[in-house]
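In the text below, chain A, chain B and the rest are named by the order of the sequence lines, each starting its count at 1.
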2 protein chains.
Amino acid sequence: MSTAAAGPAVGDPGARPVVASTPGERTVVTGRQREECPVTAVLRRVGDKWSPAVLRLLGERPHGYNELDRAIEGISRRVLTRTLRALEAEGYVRRAALGAPPARVEYSLTDQGASLRELLFVLGQWAIAHRPGPVLEAETTSD
Amino acid sequence: MSTAAAGPAVGDPGARPVVASTPGERTVVTGRQREECPVTAVLRRVGDKWSPAVLRLLGERPHGYNELDRAIEGISRRVLTRTLRALEAEGYVRRAALGAPPARVEYSLTDQGASLRELLFVLGQWAIAHRPGPVLEAETTSD
DNA sequence: CAGCATCCATTGCGATACTG
DNA sequence: CAGTATCGCAATGGATGCTG
């Protein structure tokens with residue numbers, strides 16, 4: 001996978017083969033391509049400030065609303081709600097209302113959400129290997 | 001890789017093993033963890049509006065500044081500059097000034113940038129497989 | 001050609017009071 | 001417990017004129 005690939009590319013929509021690379025031909029990224037690009041869509045969805053934390057916690061086990069609120073240091077309820085709704089709309093998170101007042105709601109990952117979390121895990125492996133200058137080796141498990 | 005993993009998790013910093021999962025123990029994502037998490041860092045860097053397009057074009061071949069400006073429909077020079085500077089600061093993009101006026105500058109991917117592009121390609125595979133409801137099959141190469 | 005400076009619009013995020 | 005309503009601040013993005 002070290003050469004420029006055929007098939008879908010970053011900035012490209014769906015299953016369309018890459019348009020360009022005719023010698024002398026200039027590739028242009030149109031607004032439509034950008035908006036429809038699935039890569040960009042996912043990145044912008046989980047690239048916000050709190051989604052990774054939510055996905056991480058729900059990946060461990062289901063959580064209630066206030067439970068999430070307490071588990072994520074610094075988040076406001078307003079934003080937590082927005083984040084959950086957004087993840088739910090994308091099909092990554094499931095919301096289940098249990099029982100009458102005192103209303104209990106449980107948030108959990110869908111299969112897609114779990115799959116996404118695995119993907120982010122891979123991304124994490126890459127980030128640790130490529131991001132900082134050299135790899136930190138003095139890292140211990142102590143506090 | 002279908003079970004919750006040991007090793008770095010989304011929301012976790014560096015190479016530290018996951019802290020929690022003691023039964024009954026509540027995992028808390030602290031502000032520090034969030035800020036230092038390499039996954040979040042990468043996501044927020046390339047999860048902006050234009051970075052994917054830039055990476056895609058530079059992945060094909062090096063580009064000049066105005067060349068990028070023309071190739072990316074809808075971007076403003078202000079934002080293009082900011083995006084390039086940000087990618088450069090992270091070590092994904094290299095800026096090379098060539099010759100005297102009329103100043104020519106060439107932007108290209110570093111090794112890290114190329115690696116990142118491959119990663120985004122993988123992300124694209126995943127997105128196409130998991131994102132839309134059913135897979136669009138009526139997709140043709142026609143305009 | 002490759003930007004920077006300025007100004008404005010939109011969006012994201014944070015704090016907090018209140019409600020079923 | 002699980003949110004919504006309101007407000008204000010900060011960051012992002014957009015348009016464009018000017019410069020070496």
[N] phosphate, OP1 or OP2, under 4.0 Å from [X] side-chain N/O:
| X | N | answer |
| --- | --- | --- |
| A:R85 | D:dT4 | yes |
| A:K49 | D:dA11 | no |
| A:R82 | D:dG3 | no |
| A:R44 | D:dT12 | no |
| A:R95 | D:dA2 | no |
| B:Y107 | C:dG3 | yes |
| B:W50 | D:dG14 | yes |

Roughly, in whole Å, what's the span from [atom1] in [X] to [atom2] in [N]?
| X | N | atom1 | atom2 | answer |
| --- | --- | --- | --- | --- |
| B:I72 | D:dG13 | CD1 | P | 13 Å |
| A:I75 | C:dT16 | CD1 | P | 16 Å |
| B:H63 | C:dG3 | NE2 | C1' | 18 Å |
| A:L68 | D:dC1 | CG | P | 12 Å |
| A:D48 | D:dT12 | CG | C1' | 14 Å |
| B:L84 | C:dC1 | CG | P | 16 Å |
| B:E73 | D:dA15 | CD | P | 12 Å |
| A:R104 | D:dC1 | CZ | C1' | 9 Å |

Hey, does the Lys NZ or Arg CZ of A:R34 hover above the aromatic six-ring of B:W50, less than 6.0 Å from the centre and inside 45° of the axis?
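Checked: cation-pi criterion met.
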
Where the side chain of A:N66 is defined as all heavy atoms beyond and including C-beta, which of C:dG14, D:dC1, D:dA15 is the nearest nucleotide?
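Nearest nucleotide to the side chain: D:dC1.
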
Between C:dA2, D:dG3, D:dT12, spot the one nearest the side chain of B:V105, thanks.
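The answer is C:dA2.
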
Quick one: label B:D69 by what it contacts on the DNA or RNA (base, sugar-phosphate, nothing), any heavy atom closer than 4.0 Å.
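Touches nothing.
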
Considering every strand and a 4.0 Å limit on heavy-atom distances, what is the contact class for B:R78: base, sugar-phosphate, or nothing?
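Contact class for B:R78: base.
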
Is any side-chain heavy atom of B:E106 closer than 4.5 Å to a side-chain heavy atom of B:E67?
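A side-chain contact under 4.5 Å is absent here.
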
For B:Y65 and B:T81, which I'm curious about, is there any donor-acceptor pair between the side chains at under 3.5 Å?
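Note: B:Y65 and B:T81 side chains meet the donor-acceptor criterion.
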
Before you tell me yes or no, could you show the steps for B:E90 and B:R45 under salt bridge (Lys or Arg N to Asp or Glu O under 4.0 Å), namely the whole-Å CA-CA distance, both residues' side-chain angles and the distance that decides it to 0.1 Å?
CA-CA 9 Å; B:E90 297 291 321; B:R45 184 50 66 213; 3.6 Å; yes

Checking side chain to side chain contact (heavy atoms under 4.5 Å, CB included) for the pair B:V29/A:E73: CA distance, chi angles, key distance, verdict?
CA-CA 6 Å; B:V29 178; A:E73 191 180 273; over 6 Å; no

Atom CZ of B:R82 with >12 non-hydrogen neighbours under 6.0 angstrom:
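No, because the 6.0 Å sphere around CZ of B:R82 holds 12 heavy atoms or fewer from other groups.
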
Has the side chain of B:R77 got a donor or acceptor that lies under 3.5 Å from a partner of the other kind on the base of D:dG17?
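Under the 3.5 Å cut-off, the side chain and the base do form a donor-acceptor pair.
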
Which residue lies more 5' along DNA chain C, comparing A:T83 with A:A103 via nearest heavy atoms
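Going by which nucleotide is closer to the 5' end, it is A:T83.
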
